[in-house]
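Only one structure is covered here, and it is reproduced in the block below.
Quick caveat: nothing in here was measured; it's all calculated off a predicted structure.
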Amino acid sequence: MNSVSETIIVRAACPHDCPDTCALLVTVKDGVATEVKGDPDHPTTAGVLCTKVSRYTDRTYHKDRLLYPMKRVGKKGEGKFERISWDEALDTISARLKEVAARDPQAILPYSYAGTMGLVQGESMAMRFFNRIGASQLDRTICASAGAAGYKYTLGTRLGADTEHVQDAKLVIIWGGNPIASNLHFWMRVQEAKRRGAKLIAIDPYRSLSADKCHQHIALLPGTDAALALGMMHVLINENLLDADYIAQHTLGFDQLKQRVQEWPPQHTAEVCGISADEVVQLAREYGAAAQRGEITLIRANYGLQRVRGGGMAVRNIACLPALVGAWRHAGGGLQLSTSDSFPKNGAFLQRPDLLLQHNNGVPTRTINMSTIGDDLLREASADFGPRVEAMIVYNSNPVAVAPESGKVMQGFAREDLFTVVLEHFQTDTADYADILLPATTQLEHIDVHATYGHVYMMANNAAIAPLGEAKANSEIFRLLAARMGFTEDCFSDSDDAIAAQAFDRRHPRAADYDWERLKEKGWQRLNMPAAPFAEGGFGTPSGKCEFYSARMQADGLDPLPTYIAPYESVASNAELAQKYPLAMISPPARNFLNSSFVNVQSLRDTEGEPHLDIHPDDAAARGIVSGAEVRIFNDRGSMLAKARVTPKARIGLVVGLSIWWKKFSGDGKNANEVTSQRLTDMGNAPTFYDVLVQVEACPSGV
């Protein structure tokens, strides 16, 4: 009897750590996903996907996909495993966790971030499990916490300009980002604004793909963004390029700010930033004048500028600018860093923090910062630190590749007495150190619901295909582990649909009409949000105003006014270190990777080529380096090898290593995080990936 071939279209959502969170249409023929396209009806996706996600079936059906539970049979880091059953895997894990928890459950540490941004597979059942067991808490700081802190001190909440109106702007400042690589759908609207006559200005130490297509590129020194914002404020205030009415009604501390910025005349600002005074003045005048003409002005601040010692303050300073000129009055105007706080997530239901207090005598457990995992895995037990970390469960992350000061991270994961479980799609650098390796489903194989941080649509992900091999969803893995641990709370029986149905708080007016079944059917639903969130003020600060002066910052031991905090490592701030290591280094995302995701997709890796280092012709000549030569990048923390690309895209005194490569795909088994530091930012306890000094030397022929 002949079977009838069936083709269906399934609505899904991109799970990756990207502000676009695209609506997907997955074509499934006879149970096999054959194509992934962007939904043309979704206002932000508009039928377009990035190169990475348009090849998502390559990821799901990749020949190296992990499909069965495995146990380690070689040394840690060798990546040698043999297949085992799920029963053996779960029994082994639960036995070890019970043993460790009997001594001190805080010796157990989860490690996760944004391998999936889904509320079900990312932060529900897993968080319930770790709260119930009484494990150490993880401070998830590795990307956005510094900027979020600075933004919230100033504006009170992470709301921002609506992406859907960006094409109406007449001046767009792209500050510390490369949206062609990391925010494609925002860039599409920026290009439409450009066609309509908008001016585009990029502020970035590196002439990125996006900066190259802007009308102007201001190549300031890494870590000096806060100073440039102060210099802009000096010009705006002293030349009265202001919206006096907006300042009077919707801001706090203008008089104190006016006094503070007198310390930042254009010439001083220029000297700190490594640019010209004319650039400072022109930038401020264009910004202020456009706003005074009633034109929509937008600053798109991104995460690159906050990955330095003063990163939180830099975002705070930039967040003051739109209120000075009244840019918030217009839809599409003001500032966008993140739209995360638009979404009223039902965190208490998703994560069940009450379980931790119930089973730990009402006392919170310790918190370990994910950005200092290299040091913390090497710490012994102490009164200050608590117990040594004895067991880790890693999911939705690849810390051996992405965490700073990688040499120490590898040392920690190599500990024979550290029991490590990794949930993964592929055998990543971190998976090589696992004792038990568990196969997780990809986005095409499970249910999820998504908030976003670049637009204001709730997104549904339907399972398009059955799980491949013996892969299981993160939620199911933690349900099974909870059962093995003897946890009997009803929340561990919640289905993925049941979790998704309550993921957003319907008591909040923005999500009052949220209905999971309807969302699954349509794929996306806009929050009840105004197009211009701060047009009439209404900031989330204690005063309800944009706080140029922040009493909360003062109470937290910070300068209550915008200021400048110099980098830990720069020629200006650390002359002694700069004698040994005179070049600043940044490692922004490569276009064809997303953090450490997609590095193992051959077509994308082939497009990216190999690890390379961009270096200015003057810096290259001084070191006898030519394009294509292998070079060694090093400092006291470590070293790596890369191929040199001699180019003026890197300003003098700066080298750029586009990242993040898996170590196993680089020639020397290392990546840019060999030289990064575990020092943290001024606020938000975030990493300082772009606050780095190095030296670069040509390798001898044949090395």
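- Between the side chains of Arg59 and His425, a donor-acceptor pair is found at a separation under 3.5 Å.
- Contact check for Met459 versus Thr452: side-chain heavy atoms found under the 4.5 Å cut-off.
- For the residue pair Thr367 / Asp139, no side-chain donor-acceptor distance below 3.5 Å is found, with atom types taken as modelled.
- Residues Ser342 and Arg510 bring no donor and acceptor atom of their side chains to less than 3.5 Å of each other.
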Check against side-chain hydrogen bond (donor to acceptor under 3.5 Å, both in side chains), Asn131 and Gln351: CA-CA 8 Å; Asn131 282 330; Gln351 301 186 7; 5.4 Å; no
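- In summary, the side chains of Asp448 and Gln443 do not present any donor paired with an acceptor at a separation below 3.5 Å, with no hydrogens or angles considered.
- At least one donor-acceptor pair closer than 3.5 Å links the side chain of Asp30 to the backbone N or O of Glu6.
- A salt bridge (charged side-chain N to carboxylate O under 4.0 Å, His left out) with Glu192 holds for exactly one of Arg195, Lys194, Arg189; it is Arg195.
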Determine, step by step, whether Val28 and Thr7 satisfy the side-chain contact (heavy atoms from CB on, under 4.5 Å) criterion, reporting the C-alpha distance in whole Å, the side-chain angles of both residues, the deciding distance to 0.1 Å, and the verdict. CA-CA 6 Å; Val28 180; Thr7 299; over 6 Å; no
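- Side-chain atoms of Asn673 come within 3.5 Å of backbone atoms of Ala401 as a donor-acceptor pair (strictly under, hydrogens ignored).
- Residues passing the ring-ring contact (aromatic ring centres under 6.0 Å, His included) test with His185, sequence neighbours excluded: none.
- Side-chain contact check for Gln121 and Thr116: no donor-acceptor pair (N or O, by modelled atom type) lies under 3.5 Å.
- Between the side chains of His62 and Thr60, no donor N or O sits under 3.5 Å from an acceptor N or O.
- In this structure, Lys213 places its NZ atom where only 12 or fewer heavy-atom neighbours from other residues, nucleotides or ligands lie under 6.0 Å away.
- Between the side chains of Asn302 and Asn183, not a single donor N or O lies within less than 3.5 Å of an accepting N or O.
- Partners of Phe349 according to the ring-ring contact (aromatic ring centres under 6.0 Å, His included) rule, which considers only residues two or more places apart in sequence or in another chain, do not exist here.
- With hydrogens and angles left out, the side-chain atoms of Tyr514 and Gln502 include no donor and acceptor closer than 3.5 Å.
- For the pair Tyr453 and Asp20, the minimum side-chain heavy-atom distance is 4.5 Å or more.
- Checked against the 6.0 Å centroid criterion, the rings of Tyr395 and Tyr111 do not qualify as a close aromatic pair.
- When the side-chain hydrogen bond (donor to acceptor under 3.5 Å, both in side chains) test is applied to Thr430, the partners found at least two apart in sequence or on another chain are Asn398.
- In this structure, Lys522 satisfies the cation-pi test against Trp524, with its NZ or CZ atom closer than 6.0 Å to the six-membered ring centre and inside 45 degrees of the ring normal.
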Please determine whether side-chain contact (heavy atoms from CB on, under 4.5 Å) holds for the pair His455 and Glu164, giving the CA-CA distance in whole Å, both sets of side-chain angles, and the decisive distance to 0.1 Å. CA-CA 8 Å; His455 59 74; Glu164 290 183 58; 5.9 Å; no
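- Within the structure, no pair that satisfies the ring-ring contact (aromatic ring centres under 6.0 Å, His included) test touches residues 22-41, not counting sequence neighbours.
- A side-chain donor from one of Lys663 and Ser406 sits under 3.5 Å from a side-chain acceptor of the other.
- Under the 3.5 Å distance criterion, the side-chain polar atoms of Ser338 are matched with a main-chain donor or acceptor of Ser340.
- In the displayed structure, Glu521 atom CD is contacted under 6.0 Å by at most 12 heavy atoms of other residues, nucleotides or ligands.
- Counting only N and O atoms by type, the side chains of Glu445 and Thr442 include a donor and acceptor under 3.5 Å apart.
- Note: Arg506 CZ to Phe504 CZ = 11.5 Å, rounded to the nearest 0.5 Å.
- Atom OG of residue Ser587 and atom CH2 of residue Trp661 lie 14.0 Å apart, to the nearest 0.5 angstrom.
- Looking at Gln427, its side chain does come within 3.5 Å of a backbone N or O of Gly79 through a donor-acceptor pair.
- Lys76 places a side-chain N or O within donor-acceptor distance of the main-chain N or O of Leu418, the cut-off being under 3.5 Å.
- Residues forming a ring-ring contact (aromatic ring centres under 6.0 Å, His included) with Phe492 (at least two apart in sequence, or on another chain): Phe487.
- The shortest distance between side-chain heavy atoms of Leu337 and Arg158 does not fall below 4.5 Å.
- Between Arg479 and Asp494, none of the side-chain N atoms (NZ, or NE/NH1/NH2) sits under 4.0 Å from a carboxylate O, so this pair counts as no salt bridge.
- Side-chain contact, Thr141 with Ser371: a donor N or O sits under 3.5 Å from an acceptor N or O.
- Checking Asp435, Val394, Leu438, Leu437 one by one against Val421, the side-chain contact (heavy atoms from CB on, under 4.5 Å) holds for a single residue, Leu438.
- Residues Arg11 and Leu24 fail the side-chain proximity criterion, which asks for heavy atoms closer than 4.5 Å.
- A donor and an acceptor atom, one from each side chain of Thr163 and Gln336, are located under 3.5 Å apart.
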Checking Met117 against Asp17 for the side-chain contact (heavy atoms from CB on, under 4.5 Å) test, could you report, in this order, the C-alpha distance in whole Å, the side-chain angles of both residues, the deciding distance, and whether it holds? CA-CA 6 Å; Met117 299 289 286; Asp17 187 4; 4.0 Å; yes
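- Counting only N and O atoms by type, the side chains of Asn671 and Trp662 include no donor and acceptor under 3.5 Å apart.
- By the ring-ring contact (aromatic ring centres under 6.0 Å, His included) test, Tyr56 is found to be paired with His16, residues two or more places apart in sequence or in another chain being considered.
- Heavy atoms of other residues, nucleotides or ligands lying less than 6.0 angstrom from NZ of Lys29 number 12 at most.
- Side chain to side chain, Asn369 and Arg140 fail the donor-acceptor criterion of an N or O pair below 3.5 Å.
- Between the side chain of Thr45 and the backbone N or O of Gly47, no donor-acceptor pair lies under 3.5 Å.
- Counted by atom type alone, Ser210 and Asn178 present one or more donor-acceptor pairs between their side chains at under 3.5 Å.
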